[in-house]
Amino acid sequence: MNQTRCNSKSKWKEAEEYGIDLSIIDSNLRMTPTERLIAHQAALETVSCFREAGRAYYARQSKTNKTSGR
Amino acid sequence: MQDSQKLIKLLAGNEVRFVIIGGLAAVVHGSSVVTEDLDICVSFDRENVRRLLDALVKINSEHRLIGKKRALKEGVEEISSFKSLYLTTDLGFIDILSSVAGVGGFNEVAGHSVELDLFGFKCRVLDIDAVIESKKTMGRPKDKETVVQLSAIREKQTR
């Protein structure tokens, strides 16, 4: 019974309820596969930049804490 | 820095028979989940392994899951007997598998793939149904979002 109910529910609706930003999916679907991979690479590079900035920040914090004896 | 675009070009340029699987296959089908490695399924026959090794030696490939990192020094014969290779390279991480959970060995994976023009090369990518099936079979929490996204995309495609 539950299975039937679950299957009848729209997957698009399920994704929305799961918290997926469907506008991003729609945007992806308007691109070619190559454009999707290029956009993914750009996203990955952005993540990498933020990660590096975070590393630098925590390294500075650690140095400051050591200097101040915390 | 991961550069899957250059990795794909290198493999395709060396005429390696491979199918893009995993997170990047999901991206090709429209997923927004960012992944940090390239997963491919290859035939581990000697000729294909020779082409694969020719490509991998150019980018300083090292085993990354065997304790301390170790250069990929095995020859064609030895690699042909492997079921998988998990490497770190100058162009980032690459996981090379002989089979995909829920799909099968290379021939089955190739049979469930689509051919696409990527970066000037004809490349094979696991089809959307097989990506969903493989991620469901693995059942890892991190794959749940990809399954939800691809299922929604699949539904939209069939409407």
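Per chain, numbering begins at 1; letters A, B, ... match sequence-line order. Note: hydrogens, waters and symmetry copies are ignored here, and every other heavy atom, side chains too, is used.
Atoms CG and CZ, on L11(B) and F18(B) in that order, are 5.0 Å from each other to the nearest 0.5 Å.
With a 4.5 angstrom heavy-atom cutoff, D117(B) touches chain A only via backbone atoms. Using a 4.5 Å cut-off between heavy atoms, R51(A) touches chain B through its side chain atoms alone. The contact between S31(B) and chain A is made entirely by backbone atoms, counting heavy-atom distances below 4.5 Å. Residue L116(B) touches chain A through its side chain alone, counting heavy-atom pairs closer than 4.5 Å. For E145(B), the parts sitting under 4.5 Å from any heavy atom of chain A are the backbone and the side chain alike. Interface residue V33(B): only backbone heavy atoms are found under 4.5 Å from chain A.
There is a side-chain donor-acceptor pair under 3.5 Å between E74(B) and H63(B). Inspection of the R124(B) and S113(B) side chains reveals an N or O donor paired with an N or O acceptor under 3.5 Å. With hydrogens and angles left out, the side-chain atoms of Q2(B) and S4(B) include a donor and acceptor closer than 3.5 Å. Remark: the D54(B) side chain and the N14(B) side chain contain no N/O donor-acceptor pair separated by less than 3.5 Å.
When the candidates H29(B), Q149(B), Q5(B) are compared by the number of heavy-atom contacts under 4.5 Å with chain A, Q149(B) comes out ahead. Of all the listed residues (I24(A), D26(A), I20(A)), the one sharing the greatest number of non-hydrogen pairs under 4.5 Å with chain B is I20(A). With respect to chain B, the highest number of heavy-atom pairs below 4.5 Å among E45(A), H40(A), K13(A) belongs to H40(A).
No side-chain donor-acceptor contact under 3.5 Å links S48(A) to the backbone of L44(A). At least one donor-acceptor pair closer than 3.5 Å links the side chain of N48(B) to the backbone N or O of R17(B).
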